[in-house]
Amino acid sequence: LCFAQKDVFQLKDIEKIAPKEKGITSMSVKEILQSLVDDGMVDTDRIGTSNYFWAFPSKALHARKRKLEELQAQFAESTQKKEALQKNIEKSKVGREDTAERAALIEELAALRQKKEQLKAEIDKYRECDPDVVEEMRQTNKVAKEAANRWTDNIFSIKSWAKRKFGFEESRIDKSFGIPEDFDYID
């Protein structure tokens with residue numbers, strides 16, 4: 001409608017003209033117009049208290065030209081990248097030709113990698129004899145022993161408190177809480 005008449009319209013004008021000329025129901029004109037504005041196909045501006053709508057063919061032509069230029073620039077850039085990558089591939093192939101020497105080196109590399117894995121597995125077998133691992137286990141055991149003795153001390157404190165507060169016998173407290181008779185600090 002705006003293209004055909006090359007004019008500026010208000011919403012009320014478009015709501016009158018669109019049903020007659022384009023067969024659009026007057027109820028959906030505003031929705032369609034807003035969609036066209038959102039898509040950038042129709043321009044709008046508020047002047048005073050009125051909203052005006054327009055769409056000139058030259059704007060669409062310029063938008064298509066801009067898009068075409070952008071796509072051509074992207075195409076040129078992609079072509080340059082492709083050529084650069086092909087040159088890199090050709091450079092990379094130099095010195096990597098399939099020769100008997102190269103095949104022998106590849107086999108040797110595979111054999112050395114397999115040997116490395118075997119040696120690594122053997123080292124893992126003897127890991128528990130590693131002095132660093134043994135020392136780490138000793139330190140862990142020391143911390144665990146200190147923690148166990150700290151809790152044993154706490155249990156003895158609670159037993160002492162219960163004896164003073166409630167007058168229970170030690171054997172009765174041990175039996176009630178499932179504390180073994182030989183319960184003591186870890187040496």
Side-chain angles (χ1 to χ4, degrees), residues 27-28 30-41 44-46 51 63 66-67 69-187:
M27 301 298 283
S28 62
K30 188 173 183 178
E31 185 179 309
I32 292 171
L33 188 59
Q34 186 58 47
S35 174
L36 291 170
V37 168
D38 292 343
D39 291 343
M41 297 175 73
T44 183
D45 202 358
R46 184 170 192 88
N51 286 329
R66 249 190 334 270
K67 184 67 174 174
E69 289 170 1
E70 287 176 20
L71 291 173
Q72 286 174 337
Q74 288 176 355
F75 179 74
E77 185 180 330
S78 297
T79 304
Q80 288 176 345
K81 283 182 182 179
K82 179 184 173 193
E83 289 172 5
L85 288 172
Q86 285 178 334
K87 286 179 184 177
N88 285 341
I89 289 171
E90 292 303 319
K91 283 182 186 177
S92 297
K93 285 182 179 179
V94 173
R96 294 185 182 183
E97 294 85 13
D98 287 332
T99 61
E101 181 184 356
R102 180 173 167 80
L105 288 173
I106 290 174
E107 280 183 38
E108 184 181 348
L109 178 64
L112 289 172
R113 284 184 176 160
Q114 186 177 8
K115 177 82 171 174
K116 176 186 171 187
E117 291 302 317
Q118 288 172 348
L119 291 173
K120 201 174 191 181
E122 193 172 333
I123 287 173
D124 287 343
K125 262 197 288 187
Y126 299 114
R127 179 169 167 72
E128 60 191 37
C129 297
D130 184 4
D132 294 336
V133 173
V134 170
E135 184 58 32
E136 184 180 328
M137 290 172 75
R138 284 187 181 138
Q139 292 300 321
T140 304
N141 288 343
K142 182 180 177 185
V143 170
K145 181 179 174 184
E146 289 172 358
N149 284 333
R150 189 171 43 252
W151 279 103
T152 302
D153 199 29
N154 291 342
I155 291 171
F156 284 140
S157 295
I158 290 174
K159 283 172 60 174
S160 173
W161 175 80
K163 280 197 277 186
R164 278 194 322 266
K165 181 80 173 174
F166 302 110
F168 292 141
E169 295 176 23
E170 192 169 328
S171 61
R172 186 171 170 202
I173 293 172
D174 288 345
K175 187 176 180 185
S176 297
F177 291 102
I179 300 172
E181 291 180 15
D182 60 344
F183 182 74
D184 204 357
Y185 292 99
I186 298 173
D187 293 327

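For the single chain, residues carry numbers from 1 onward in sequence order. Keep in mind that what you see is a predicted model, and the values were worked out from it rather than measured.
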Open item on the list: Rounded to the nearest 0.5 Å, what separates atom CD1 in Ile123 from atom CG in Leu119?
Closed with: 6.5 Å
TODO: Verify the neighbour count for atom CD of Glu101: are there more than 12 heavy atoms of other residues, nucleotides or ligands below 6.0 Å?
DONE: no
- [ ] Starting at OG1 of Thr79, measure out to CD of Gln72 and round the result to the nearest 0.5 Å.
- [x] 11.5 Å
TODO: May I ask you to check whether over 12 heavy atoms, not counting those of Gln118, lie within 6.0 Å of atom CD?
DONE: yes
Task: Expected output: side-chain Ser160 to main-chain Phe156 donor-acceptor under 3.5 Å - done: no
TODO: Decide, yes or no, whether a salt bridge links Asp174 with Lys159 under the criterion of side-chain N to carboxylate O below 4.0 Å.
DONE: yes
Open item on the list: Does Gln86, at its CD atom, have more than 12 non-hydrogen atoms belonging to other residues, nucleotides or ligands within less than 6.0 Å?
Closed with: yes
Task: Heavy atoms of other groups near Glu146 CD, more than 12 under 6.0 Å - done: yes
TODO: Using a 4.5 Å cut-off on heavy atoms from C-beta on, say whether the side chain of Ile158 contacts that of Phe177.
DONE: no
Open item on the list: Does either side chain, that of Arg172 or that of Ser176, offer a donor lying less than 3.5 Å from an acceptor on the other one?
Closed with: no
Task: Within-4.5 Å side-chain heavy-atom neighbours: Ile179 and Ile155 - done: yes
Task: Listed partners of Trp151 passing ring-ring contact (aromatic ring centres under 6.0 Å, His included), at least two apart - done: none
Open item on the list: Has Asn149 got a side-chain atom pairing as donor or acceptor with Ile186's backbone, closer than 3.5 angstrom?
Closed with: yes
Task: Modelled atom types, side-chain donor and acceptor of Glu70 and Gln74, under 3.5 Å - done: no
Open item on the list: Just verifying a value: how many Å separate Glu69 CD and Leu71 CG, rounded to the nearest 0.5 Å?
Closed with: 10.5 Å
Task: Pairs touching residues 103-124 that satisfy salt bridge (Lys or Arg N to Asp or Glu O under 4.0 Å), sequence neighbours left out - done: none
Task: Residue list, salt bridge (charged side-chain N to carboxylate O under 4.0 Å, His left out) with Lys81, at least two apart or on another chain - done: Glu77
Task: Separation of Thr152 OG1 from Arg150 CZ (nearest 0.5 Å) - done: 10.5 Å
